[in-house]
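Have a look at the structure below, then the notes.
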Amino acid sequence: MLTLLIWGSYNSEGMRNRFEEAVSTGYMAGREQIYPELMQMFVERPILGYGPIANQYVLGGRLPQQHYDKRDAHNLFLEVMTSTGTVGMVPFMLLLWFGCRAAWRARRGPAGLLPLALLVSALGANMTGNWLAGPMVWLEFAYALASDREGSRQC
């Protein structure tokens, strides 16, 4: 499966050019500046973070060369870390653990690999994007949790 993904992305001219540019110049569409700044923001406010939406304005103010008042984290985990700090990151990681465990268990049930495939694809997309405020990620977590027949028997 990974081989197919690599082959498909390399045969796409746009993707191939972006990979080659990232390797040769280190340019990653601004993420090379955004990610270190987000880590610094988390270090500054590790407990409660900056708050949802406010963290985007703080990041935008720290990256003036990008000409945006507000800037998205482009990473689900960094978004949670800077917006809610450790107080929000711990419950989110627990949800992630329970969701992944439920999706893994559900592969033996009637839904098969669908819950796991949905969750893995959503998490993969959120490594370079941020769908935290959208309903799709939460629907996929809920579907994975609901598909775990083995876990529901234990209750």
Side-chain angles (χ1 to χ4, degrees), residues 1-2 4-6 8-10 12 14-19 21-23 25-107 111-148 151:
M1 185 65 167
L2 182 60
L4 181 63
L5 182 65
I6 291 170
S9 62
Y10 193 75
S12 165
M15 289 296 293
R16 185 176 57 249
N17 291 341
R18 285 190 76 170
F19 282 132
E21 183 179 21
V23 169
T25 66
Y27 179 72
M28 299 185 313
R31 289 175 180 86
E32 70 279 359
Q33 297 168 348
I34 294 171
Y35 290 173
E37 199 60 51
L38 288 164
M39 291 303 294
Q40 181 61 37
M41 288 171 58
F42 177 70
V43 168
E44 291 171 5
R45 293 194 181 179
I47 306 298
L48 295 175
Y50 286 87
I53 307 299
N55 68 327
Q56 296 177 4
Y57 284 102
V58 172
L59 180 61
R62 291 181 178 206
L63 299 169
Q65 70 276 13
Q66 302 227 349
H67 308 293
Y68 295 107
D69 291 339
K70 141 180 157 172
R71 190 73 175 148
D72 187 69
H74 289 81
N75 184 291
L76 181 67
F77 298 105
L78 292 172
E79 174 70 25
V80 173
M81 287 170 52
T82 57
S83 66
T84 62
T86 307
V87 171
M89 190 64 169
V90 169
F92 182 78
M93 293 306 286
L94 283 171
L95 171 69
L96 181 61
W97 166 253
F98 288 129
C100 289
R101 186 180 70 170
W104 180 255
R105 287 180 178 176
R107 76 190 192 288
L113 286 174
L114 183 60
L116 185 62
L118 287 172
L119 200 56
V120 167
S121 64
L123 292 174
N126 277 290
M127 290 306 293
T128 60
N130 180 10
W131 299 349
L132 189 61
M136 189 58 69
V137 171
W138 300 107
L139 179 68
E140 289 168 357
F141 272 123
Y143 182 66
L145 290 167
S147 297
D148 182 12

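Across every non-hydrogen atom of Ser147 and Ala111, the tightest pair is OG-CB, 4.3 Å. Closest approach of Gly88 and Pro91 over heavy atoms only: O-CD, 3.3 Å. In this structure, Asp72 and Leu59 approach most closely via the heavy-atom pair O-CD2, 3.9 Å.
Side-chain atoms of Tyr35 come within 3.5 Å of backbone atoms of His74 as a donor-acceptor pair (strictly under, hydrogens ignored). Put simply, the side chain of Arg105 never gets that close to the backbone of Ala102: no donor and acceptor are under 3.5 Å apart.
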Identify all side-chain donor-acceptor contacts of residues 76-87 below 3.5 Å with residues at least two apart in sequence or on another chain.
from  : atom 1 : to     : atom 2 : distance (Å)
Glu79 : OE1    : Asn130 : ND2    : 3.2
Glu79 : OE2    : Asn55  : ND2    : 3.3
Thr82 : OG1    : Asn55  : ND2    : 2.9
Thr82 : OG1    : Leu78  : O      : 2.9
Thr82 : OG1    : Glu79  : O      : 3.4
Ser83 : OG     : Glu79  : O      : 2.8
Thr84 : OG1    : Val80  : O      : 2.8
Thr86 : OG1    : Pro46  : O      : 2.7

Could you list the donor-acceptor pairs under 3.5 angstrom formed by side chains in residues 92-100, with sequence neighbours left out?
none

**Stepwise side chain to side chain contact (heavy atoms under 4.5 Å, CB included) test for Tyr143 and Leu114** = CA-CA 9 Å; Tyr143 182 66; Leu114 183 60; 3.6 Å; yes
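Taking CZ from Arg62 and CE from Met41, the interatomic distance works out to 5.5 Å, rounded to the nearest 0.5 Å. To the nearest 0.5 Å, atom CZ of residue Arg101 and atom CG of residue Leu116 are 14.0 Å apart.
Taking 4.5 Å as the limit, every side-chain heavy atom of Asn75 sits out of range of all side-chain heavy atoms of Leu38.
With sequence neighbours excluded, the residues that form a side chain to side chain donor-acceptor pair (under 3.5 Å) with Gln40 are Glu44.
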